[in-house]
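All remarks here apply to the structure that follows.
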Amino acid sequence: MTAGSLIDLKNLTMEELSALLAEMGQKPFRAKQIVRWIYGRGATSFADMTDLSKAFREELEKRATISDWQPEVVEDSRDGTRKYLFRLADGQTVETVRIPMEGERATLCISTQVGCAMQCSFCLTGSFGLVRNLEAGEIVNQVCAALKDGPINNIVLMGMGEPLHNLDNVVKALQIFYLDDGFGYGARKVTLSTSGLVPQMRELGQRVRVNLAVSLNATTDAVRDELMPVNRRYPLKELMAACRDYPLHGRGRITFEYILIRGVNDTLQDAKRLVGLLHGVKAKVNLIPYNEHEGSPFNAPTAESIEAFQTYLLSRDIVAIRRASKGQDISAACGQLKGKLEKAQGRLPAPGENSPA
Ligand code: SAH
Ligand code: SF4
């Protein structure tokens, strides 16, 4: 992204930053210094970078900028979940959620697109349609902004958007997260969630290391076709084959997210079919009770069906975690804060109508 003709350094990988500096006649180690300032210490101006010469800083200012985000809205939940809404340079908005974990730990859930093209029938973000991809710097800035409120141990690409539908920018952002001199996140700390774009799953595995989560949500093609249109292109058999082939490291497993929707996919038959699907896959299952939202035809499951589903998986030695629904009081499900804010501002059509132009 450029601001005027200035290059935003948050959009650049180490290679790209080094190339820019080489053009300016600088040595490669300068790139590390700058990365340390921006991500290690949160610097937002070249003036802060006191170990660079004044002449070099002035030169940088002529060519480049360091974008810096402040949230437009912050909502805090009673359970400690914090949701941020950011307004982008073109007026669009994205949301990011900080989720407190055990101890003093926190996970940050970040967005990769404004809206989403995948049209899953249960998902509020899907009902917005795709507005645009986020740039690498816009993905990275969600982390920079949230870090101002305290440390973040894990990053999940599970907010708005389908990360594999914006693969180039997502790969760049991951490379930036992993920079030793910057944030220094290990690849084991970052998880990317996909609805199941099979060719891009394979490409991802070849290009970069990251934990994979797959939004499965159904155990038959008939039901998955209805819930997730992507299944018509890449049905379960192909999806599970891509999961089996995904490169895992050490004791790594693929996380399968399974939203339980009352009367749709929450029976014991589904649990049994799920065990069959996962055969031969190093897997763990996250059971997510469906989060109801306005305009959605679906309902949350009963406590009994969640219990029975989980118990069955556990009895078949499948690691099945029931994901606590956090931030219920602050519209923390995917797309909900954006939906609420923009509806109040008259910017968005009701869920189910077409996306805004
Ligand atoms: N597009 C990617 C990542 C973002 S969606 C994907 O689909 O995996 C993140 C997760 O939110 C997905 O697992 C999706 O199934 C889930 N989700 C969407 N709407 C939901 C709702 N109303 N209740 C519970 N989970 C929901
Ligand atoms: Fe997009 Fe994921 Fe929502 Fe499906 S569940 S519409 S892929 S954000």
| request: Kindly say whether the aromatic ring centers of Phe298 and Phe122 come within a distance under 6.0 Å. | output: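 So the answer is no for these two rings.
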Among side-chain atoms of [X] and [Y], is any donor-acceptor pair under 3.5 angstrom?
{"X": "Gln175", "Y": "Thr13", "answer": "no"}
{"X": "Asp270", "Y": "Thr219", "answer": "yes"}
{"X": "Tyr290", "Y": "Asp266", "answer": "no"}
{"X": "Asn231", "Y": "Asp225", "answer": "yes"}
{"X": "Asn217", "Y": "Ser215", "answer": "no"}
{"X": "Thr194", "Y": "Glu162", "answer": "yes"}
{"X": "Gln113", "Y": "Asn133", "answer": "yes"}
{"X": "Asp8", "Y": "Asn11", "answer": "no"}
{"X": "Glu72", "Y": "Thr93", "answer": "no"}
{"X": "Gln33", "Y": "Asp51", "answer": "yes"}

| said: If the condition is ring pair (Phe, Tyr, Trp, His ring centres under 6.0 Å), which residues does Tyr258 pass it with, not counting sequence neighbours? | reply: Phe309
| Any donor-acceptor N/O pair, Lys10 side chain to Ser67 backbone, under 3.5 Å | yes
| query | Donor-acceptor pair, Glu226 side chain versus Ala222 backbone, under 3.5 Å? | reply | no
| request: Determine, using the 4.5 Å side-chain heavy-atom cutoff (strictly less than), whether Leu12 and Met24 are members of one ILVMFWY cluster. | output: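 Same hydrophobic cluster.
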| task | Would you indicate whether Arg132, at its atom CZ, is surrounded by more than 12 heavy atoms from other residues, nucleotides or ligands within a distance under 6.0 Å? | result |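 Counting other residues, nucleotides and ligands, CZ of Arg132 exceeds 12 neighbours.
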| field | salt bridge (charged side-chain N to carboxylate O under 4.0 Å, His left out) partners for Arg188, two or more places apart | value | none
| field | Reported CG-to-CD1 distance for the pair Asn153 and Ile99, which is rounded to 0.5 angstrom | value | 12.0 Å
| query | Between Asp168 and Arg207, is there a salt bridge with N-O shorter than 4.0 Å? | reply | yes
| task | Give the ring-plane orientation class for Phe183 versus Tyr185, where under 30° counts as parallel, over 60° as perpendicular and anything between as tilted. | result |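 Answer is tilted, since the angle falls between 30° and 60°.
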| query | So do Leu212 and Val214 actually touch side chain to side chain, heavy atoms under 4.5 Å? | reply |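 Of all side-chain heavy-atom pairs linking Leu212 with Val214, at least one is under 4.5 Å.
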